[in-house]
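The block underneath contains the structure these notes are about, expressed in structure tokens.
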Amino acid sequence: MDKKETQFTSTELQTLAELIFPNWQKLPSLEELDKRYPKRELPFGAIVNRVAPSPTGMMHIGGLYVALVNRRLAKQTQGVFFLRIEDTDQERAVVGAYETIVNSLADYGLSPDEGPMHNSDGEIVEEGNYGPYVQTSRKEIYHACAFDMLKRGAIYPCFMTKEELDKQREEQQKLEVRTGVYKEWALGRYLSFQEIESKIKAGIPYVLRLRALGEIDKTISWEDEIRGTLTVPENIVDTVLIKSDGIPTYHFAHLVDDHFMRTTHIIRADEWISSVPLHLQLFSAMGWEPPFYTHVSAIQKMAETGKRKLSKRHDPEASVSYYWENGFPRQAVIEYLLNLANSEFEDWRRVNPTSDYTEFRISLGKMGQAGPLADLIKLESISRDILSRMPIEALYKVSYAWAFTYDKELAEEMAKDPLYSQRALDIERDSEKGAKRLSTLKDLRPQLAPFFDHFLPPANELPFPDNVKAEDRKAILELVKERFKDSDPPEQFFENLKLISAELGFAGAVKDFKKNPQMYKGHVGDVASIVRVAMFGSTRSPDLGQVLKVLGNQTVVNRCNRAISVN
RNA sequence: AGGGUGUUAGGCAAGUGGUUAAGCCGCCAGUCUUUCAAGCUGGUAAUCGCGGGUUCAAAUCCCGUACACCCUACCA
């Protein structure tokens, strides 16, 4: 292949460009675009960044992670964080995915400053002066840039078919040379003006490729704030910039959008590292100043029998929706992610238990370079802390919101008397011990539901321990029924229980029982168990005295009677 | 195959030449105790992927190697 690349005159280039973009006169000029999207006036050091997901299905937890890091960084520097929808691949587009992205970000408190977001009526609208923020609506901007590059010969039309490309790749593999469209393998570079003109006029489909200027034996470097200086070979591949349907590829959209949206920092998943040479080359081809690139390791693995990639198809925890479904409060997920980003966050949190997480300053340089495994157990621990720290009103609110979707039965009961539920949820929370009874909202069932008669097991299925005889059990409950008053302080309950124990031949103190077990029927703990099961339907409960106080006189009497009725 | 990124206890992770390699989660034990949690106290566990080298001294620097993942699409 000793052919020579075709050299075009500027007139030929102009003619071709106009042929390719027949509407060229309607396209904005680069100068116009520059005016339409002026440099942002922001404080020195302000970071403008974005998250740019594709609407291809569920929202990935990694996407939320990247969004969190970007947003924090922008906020910390009085910059701008925007959302752009990368929908250039219509084949993979999924109906509803766009809404999922906007809603997920909103749910997690990560709504952008610009881009698609909810208005006060809850409708999705686009805000911001640098839009549109959905790529398929930006066609004329891409075309304007492509037109400019065409005129300069920086890109060229390529008519190679899928079959030709496949065949060429096979040949390259056989020859053990690098695969791809580059140098002499880039057939489009050798087409004459006439050939191109007639093919276009004949309606043969084509793409627009970059005329790559890189050399394979040269390298290019940039400073990645997480990884330091990265040095990689220059790009030599004539990458497709505009697809045959006129829509740009990711790379071209990135160039155009992040330039005119005035993005200063690209903070994205590390799968993009290998594309940086191309991207730098693109900016250079336009004579534009490139943004800073830094790459975060995606959360993508999980432990089981080994390590493997966190798969969209097989690992439900890859989806953002999984966490709320499984009762993790949003804030727990955010703080877990934040801790993954900067592990010193948890030290900060310990010192500042009540501060908003946004007061913590995140730092790119302190982010890990390795891809972390999703650690649900750690998440659960964080969730437990957060749930225990929440003011009771907030806890009720999040509990009800969760139950409303995932435990309708319970939500119905809760709604009947919110204050009652709050008092039930609040048991032991303000004590010295700082009880943490809820790890996730799924624990609402064992912790809250027993306060409602509706959820108690049938009387004959109450799990009474068999070390206390039925007659003693009934006697205990009769006395509780008689003596319990919800106006007494909760500590009083246990004092009463000791007296009841003594009256019925049980030891009032466990120690006494242990000393002389033969002298007693059992001890106050056994007596408490009977009451617990009768009142809570379970052998485990929060502080009994407080439980009874919340239940109230009438319910205590009812539940005693109910339990007494069985043999 | 070529290019790239990574590899510190069960998991997350500090640490960038110099005392016994932080901390959190988990796990185990003790303690508290009317149950279960929580709390408190203590414990467990890493020859820093492996092999060389540089150095008085290396998890930290250099070389090699293994493994994992990413890219090499008209997907992002």
Side-chain angles (χ1 to χ4, degrees), chain A residues 52-54 56 86-89 91-92 158 160 162 165 169 173 176-180 205-209 216 224 227-228 230-233 237 239-245 247-251 253-254 268-277 295 297-298 300-303 306-309 336 339-340 342-347 349-350 366 368-382 384 388 428-429 431-439 443 446-447 465 493-494 497-498 501 509-510 523-529 531-533 536 538-545:
Chain A
S54 297
T56 54
E86 310 234 323
D87 61 343
T88 55
D89 184 3
E91 290 196 8
R92 291 200 310 156
C158 168
M160 293 177 79
K162 178 99 175 63
L165 290 167
R169 185 169 22 251
Q173 278 164 354
E176 295 194 325
V177 298
R178 191 171 169 169
T179 58
Y206 59 92
V207 299
L208 261 21
R209 289 183 185 272
I216 191 63
D224 185 298
R227 292 152 205 277
L230 254 25
T231 303
V232 298
V237 174
T239 310
V240 173
L241 263 25
I242 301 283
K243 303 186 243 184
S244 53
D245 57 5
I247 293 177
T249 57
Y250 168 84
H251 303 105
H254 155 55
R268 68 215 325 185
D270 63 357
E271 69 211 42
W272 293 106
I273 292 177
S274 1
S275 312
V276 175
H295 298 85
S297 310
Q300 54 181 0
K301 301 175 183 177
M302 65 164 281
K307 297 179 182 179
R308 63 185 169 85
K309 197 184 168 188
Y336 172 69
N339 201 231
L340 240 38
N342 278 191
S343 68
E344 61 183 12
F345 173 74
E346 62 188 356
D347 299 326
R349 177 46 91 199
R350 221 169 296 126
K366 286 178 181 165
Q369 300 179 24
L373 260 54
D375 185 354
L376 267 349
I377 295 173
K378 173 89 176 189
L379 206 210
E380 211 166 279
S381 163
I382 291 174
R384 192 155 52 229
S388 76
E428 292 176 327
R429 293 179 87 243
S431 72
E432 293 279 314
K433 296 189 284 183
K436 300 176 180 174
R437 309 204 77 102
L438 303 174
S439 285
D443 291 332
Q447 296 300 325
F493 168 77
F494 194 61
L497 210 58
K498 284 182 185 166
S501 301
V510 181
H523 58 77
V524 66
D526 298 320
V527 175
S529 284
V531 181
R532 174 170 295 108
V533 171
F536 215 65
S538 162
T539 54
R540 308 184 306 190
S541 80
D543 180 86
L544 249 194

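The structure displayed is predicted, hence computed values, not measured ones. Throughout, a chain's letter reflects where its sequence line sits, starting with A, and its residues are numbered from 1.
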Between the NZ atom in K436(A) and the CG atom in D443(A), the distance rounded to the nearest 0.5 Å is 14.0 Å
When rounded to the nearest 0.5 angstrom, what distance separates OG1 in T249(A) from CD1 in I242(A)?
7.0 Å
With sequence neighbours left out, what residues match V533(A) under side-chain contact (heavy atoms from CB on, under 4.5 Å)?
L462(A), P463(A), F464(A), P465(A), T539(A)
Considering all heavy atoms of both residues, which atom of S54(A) and which atom of E86(A) are nearest to each other, and what is their separation?
OG-O, 3.2 Å
Which atom of Y336(A) lies closest to which atom of D375(A), heavy atoms considered
OH-N, 2.8 Å
Between P on A37(B) and CZ on R532(A), what's the gap in Å once rounded to a whole number?
12 Å
Whole angstrom is fine here: how far is it from CD1 in I382(A) over to P in G11(B)?
17 Å
If I compare all heavy atoms of K243(A) with all of P248(A), which pair ends up nearest, and what's the gap?
CE-O, 3.5 Å
What's S54(A) touching, base or sugar-phosphate or nothing? Going by heavy atoms closer than 4.0 Å.
sugar-phosphate
For D89(A), side chain to side chain donor-acceptor pair (under 3.5 Å) partners two or more places apart:
R92(A)
Tightest non-hydrogen contact, residues R209(A) and C158(A), listed as NE-SG, 3.2 Å
May I have the distance from E344(A) (atom CD) to G15(B) (atom C1'), rounded to whole angstrom?
13 Å
What is the nucleic acid contact for T88(A), judged by heavy atoms within less than 4.0 Å: base, sugar-phosphate only, or nothing?
sugar-phosphate
How many Å lie between CD on Q447(A) and P on C36(B), as a whole number?
14 Å
To the nearest 0.5 Å, tell me how far D224(A) CG sits from H295(A) NE2.
6.5 Å
Determine the Euclidean distance between corresponding C1' atoms of U8(B) and A13(B); express it in Å to zero decimal places.
9 Å
Does S244(A) make a side-chain donor-acceptor contact with the base of C74(B), cut-off 3.5 Å?
yes
Using atom C1' of each nucleotide, how far apart are A68(B) and C36(B) to the nearest Å?
42 Å
For a quick check of understanding: with a heavy-atom distance under 4.0 Å over all strands, which category does K162(A) fall into, base, sugar-phosphate or nothing?
nothing
When the C1' atoms of A66(B) and C25(B) are compared, how many Å lie between them, rounded to an integer?
30 Å
Is there a donor on the side chain of R178(A) or the base of U72(B) sitting less than 3.5 Å from an acceptor on the other?
no
Under 4.0 Å between any heavy atoms, over every strand shown, what does D543(A) touch: base, sugar-phosphate, or nothing? Just pick one.
base
Nearest-angstrom distance from the residue atom OH of Y250(A) to P of A76(B):
10 Å
note: H295(A), atom NE2; G6(B), atom P; distance rounded to Å ~ 12 Å
Determine the contact category for R268(A): base if any of its heavy atoms lies under 4.0 Å from a base atom, sugar-phosphate if only primed atoms, P, OP1 or OP2 are that close, otherwise nothing.
nothing
Aro-ring/base stack F494(A)-U34(B), d under 5.5 Å, angle under 30°:
yes
Rounding to the closest angstrom, what is the interatomic distance between G4(B) and U41(B) at atom P?
50 Å
Just how far, in rounded Å, is P of A37(B) from CG of L544(A)?
16 Å
Mapping L497(A) and P53(A) onto RNA chain B by nearest heavy atom, which one lands closer to the 5' end?
L497(A)
Span that lies between the C1' atom of G23(B) and that of A9(B), in whole angstrom:
13 Å
Applying a 4.0 Å non-hydrogen cut-off, can you work out what R349(A) is touching in the nucleic acid: base, sugar-phosphate, or nothing?
nothing
Between V207(A) and S244(A), what is the shortest heavy-atom contact and its length?
CG1-N, 3.7 Å
For R532(A) and S538(A), which heavy atoms make the closest approach, and how far apart are they?
CG-O, 3.2 Å
Pick the P atom in U55(B) and in G49(B), then give their distance to the nearest Å.
23 Å
Between G6(B) and U60(B), how many Å separate the two P atoms, rounded to a whole number?
15 Å
Atom CZ of R429(A) and atom CG of L438(A): how far apart are they, to the nearest 0.5 Å?
8.0 Å
Sequence neighbours excluded, the answer for ring-ring contact (aromatic ring centres under 6.0 Å, His included) partners of F536(A) is F451(A)
Of the nucleotides A76(B), C70(B), A37(B), which one has an atom closest to the side chain of R92(A)?
A76(B)
How are the rings of H251(A) and W272(A) set to each other: parallel, tilted or perpendicular (split at 30° and 60°)?
perpendicular
Let me know the distance between CD1 of I247(A) and C1' of C75(B), rounded to the nearest Å.
13 Å
Please determine, by modelled atom types, if S297(A) and R227(A) share a side-chain donor-acceptor pair under 3.5 angstrom.
yes
Is K436(A) close enough to C36(B) that one of its side-chain N or O atoms is under 4.0 Å from OP1 or OP2 there?
no
Can you identify which nucleotide, out of U5(B), G3(B), C75(B), has its nearest atom closest to the R227(A) side chain?
U5(B)
Output the single nucleotide from U35(B), C70(B), A73(B) whose closest atom is nearest the side chain of R540(A).
U35(B)
Polar-atom pairs under 3.5 Å, protein N or O versus N or O of nucleotides 60-66 of chain B: list them with distances, or write none.
none

Look at all strands and tell whether P205(A) reaches a base, only sugar-phosphate, or nothing, counting heavy atoms closer than 4.0 Å.
nothing
Might you list the N or O atoms of the protein lying below 3.5 Å from N or O atoms in nucleotides 22-26 of chain B, with each pair's distance?
unit_1	atom_1	unit_2	atom_2	d
G23(B)	N2	E346(A)	OE2	3.2
C24(B)	O4'	E346(A)	OE2	3.4
C24(B)	O2'	E346(A)	OE1	3.0
C24(B)	O2'	K378(A)	NZ	2.5
C24(B)	O2	K378(A)	NZ	3.0
G26(B)	OP1	R384(A)	NH2	2.9

Does V232(A) reach a base, just sugar-phosphate, or nothing at all? Heavy atoms under 4.0 Å.
sugar-phosphate
Along RNA chain B (nearest heavy atom to each residue), the more 5'-positioned of S541(A) and I273(A)
I273(A)
Given the rule that a pair is Watson-Crick or G-U wobble with both distances under 3.5 Å, how would you write RNA chain B in dot-bracket, using | for pairs to a different strand?
((((((((.[[[..)..(....]]].(((((.......))))).....[[[[[..)....]]]]])))))))....
Expressed in whole Å, how much space separates the P atoms belonging to A38(B) and U5(B)?
44 Å
